[in-house]
Amino acid sequence: VEREIAHQQGILHRTAHVWILRKKENKIQILLQKRSEQKDSFPGCYDISSAGHIPAGDNYGQSAVRELKEELGIVVRESELIDCGNRRFHFEEIFHGRLFKDNQVSKIFVLWKDLEEKDFVFVDHEVSEVKWLDFEKCYQDVKENKINHCIYIEELDIVKKYLRVQ
């Protein structure tokens, strides 16, 4: 079903979530995107590097690659994505005066990409900016709600687990 219908009715759907990482000055950094004020959910909040719904007939990797290009203007190969597992969640909240129901199964990917913030192009205008944060600072800021975000700590736990085995 279309994204809008899935969120109106709370229909279970698939999404691809990509966390972009880089190593800078001996620290791991993570890229956060800031959602535009026009987004139908969590406008103006910092979020996953890139994420999107999976259209019928596509797999998680294909969709992740498409979203990276649409949201951030970067071209990657599906083989560059590192699969870190799946996560299921559900929530309901009011945005712009309307009930928004999210019921999804997400594939979590990591992508290593050493780019500067200026290298990203916001093609579809869903993103207003991006910023790199040291991973540990990001983790603490999200955990303690020190930044305006819509990030689930469970996703950062998945990325943290991946980093521990590296």
Side-chain angles (χ1 to χ4, degrees), residues 1-22 30-93 95-96 98-115 117 119-132 138 142 149-163 165-166:
V1 299
E2 294 294 319
R3 181 182 188 281
E4 187 176 331
I5 294 169
H7 291 301
Q8 284 174 350
Q9 298 178 16
I11 297 169
L12 181 63
H13 58 280
R14 300 175 302 147
T15 60
H17 294 183
V18 181
W19 293 94
I20 301 176
L21 303 174
R22 72 177 182 181
I30 191 164
L31 186 81
L32 300 184
Q33 68 159 258
K34 187 174 185 184
R35 299 166 66 84
S36 80
E37 293 295 333
Q38 288 70 47
K39 288 294 289 181
D40 61 353
S41 62
F42 300 104
C45 290
Y46 283 101
D47 199 359
I48 300 160
S49 308
S50 178
H53 284 231
I54 314 277
D58 278 4
N59 67 37
Y60 288 102
Q62 289 170 308
S63 290
V65 167
R66 186 191 70 254
E67 289 294 332
L68 286 161
K69 186 172 184 185
E70 287 176 8
E71 292 181 352
L72 303 176
I74 62 172
V75 176
V76 303
R77 293 180 313 279
E78 199 173 327
S79 61
E80 294 177 76
L81 301 171
I82 300 164
D83 183 346
C84 295
N86 294 340
R87 183 172 168 271
R88 169 119 194 244
F89 66 95
H90 173 83
F91 79 89
E92 295 183 10
E93 198 163 325
F95 297 104
H96 304 294
R98 296 174 63 188
L99 182 61
F100 183 93
K101 300 177 182 181
D102 203 359
N103 184 15
Q104 63 179 268
V105 175
S106 303
K107 171 77 69 188
I108 313 302
F109 294 105
V110 162
L111 172 68
W112 290 91
K113 210 64 158 165
D114 189 8
L115 297 170
E117 292 167 1
D119 297 327
F120 296 95
V121 179
F122 313 129
V123 179
D124 63 7
H125 305 290
E126 291 184 22
V127 178
S128 61
E129 68 180 67
V130 293
K131 74 175 182 177
W132 289 104
C138 176
V142 167
H149 71 90
C150 56
I151 299 167
Y152 289 93
I153 198 70
E154 294 85 2
E155 288 218 18
L156 288 178
D157 285 335
I158 290 168
V159 175
K160 195 173 203 173
K161 182 179 177 183
Y162 159 76
L163 288 170
V165 298
Q166 294 308 304

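Here the structure is a predicted model, which means the values were calculated and not measured.
Here the shortest heavy-atom pairing between Trp19 and Leu32 reads CZ3-CD2, 3.9 Å. Here the closest heavy-atom approach between residue Trp132 and residue Glu117 is recorded as N-OE2, 2.9 Å. Closest of all the heavy-atom pairs between Ile30 and Leu156 is CD1-CD2, 3.8 Å.
A search for side chain to side chain donor-acceptor pair (under 3.5 Å) contacts involving Lys34 returns nothing, not counting sequence neighbours. Checked against side-chain contact (heavy atoms from CB on, under 4.5 Å), Ser36 has the following partners two or more places apart in sequence or in another chain: Gln38, Lys39. Asp114 meets the salt bridge (charged side-chain N to carboxylate O under 4.0 Å, His left out) test with Arg22; sequence neighbours excluded. With sequence neighbours excluded, no residue satisfies side chain to side chain donor-acceptor pair (under 3.5 Å) with Tyr60. Residues satisfying the side-chain contact (heavy atoms from CB on, under 4.5 Å) criterion with Ile158, sequence neighbours excluded, are Cys84, Arg87, Ile108.
The shortest side-chain heavy-atom distance between Arg35 and Pro43 does not fall under the 4.5 Å cut-off. Counting heavy atoms from C-beta outward, Tyr152 and Asp157 have side chains that stay 4.5 Å or more apart.
Interatomic distance, CG of Leu111 versus OG of Ser49, reported as 8.5 Å (0.5 Å rounding). For the atom pair CZ of Phe109 and CG of Asp83, the computed distance is 5.5 Å after rounding to the nearest 0.5 Å. For the atom pair NE2 (His149) and CZ (Phe42), the distance works out to 9.5 Å, reported to the nearest 0.5 Å.
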Give the table of side-chain donor-acceptor pairs shorter than 3.5 Å for residues 64-75, with sequence neighbours excluded, one pair per line with atom names and distance.
| from | atom 1 | to | atom 2 | distance (Å) |
| --- | --- | --- | --- | --- |
| Arg66 | NE | Glu70 | OE2 | 3.4 |
| Arg66 | NH1 | Asp58 | OD2 | 3.3 |
| Arg66 | NH1 | Ser63 | OG | 3.4 |
| Arg66 | NH2 | His53 | O | 3.1 |
| Glu71 | OE1 | Gln33 | NE2 | 2.9 |
| Glu71 | OE1 | Ser50 | OG | 3.1 |
| Glu71 | OE1 | Ala51 | N | 3.3 |

Give the C-alpha distance, both sets of side-chain angles, the deciding distance and a yes or no for side chain to side chain contact (heavy atoms under 4.5 Å, CB included) between Leu31 and Lys113. CA-CA 10 Å; Leu31 186 81; Lys113 210 64 158 165; over 6 Å; no
Check the pair Val159 / Leu21 against side chain to side chain contact (heavy atoms under 4.5 Å, CB included), numbers first and verdict last. CA-CA 10 Å; Val159 175; Leu21 303 174; 4.2 Å; yes
Pair Val142-Tyr46, side chain to side chain contact (heavy atoms under 4.5 Å, CB included): steps then yes or no: CA-CA 10 Å; Val142 167; Tyr46 283 101; over 6 Å; no
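Within a 6.0 Å sphere centred on NZ of Lys160, other residues, nucleotides and ligands contribute more than 12 heavy atoms.
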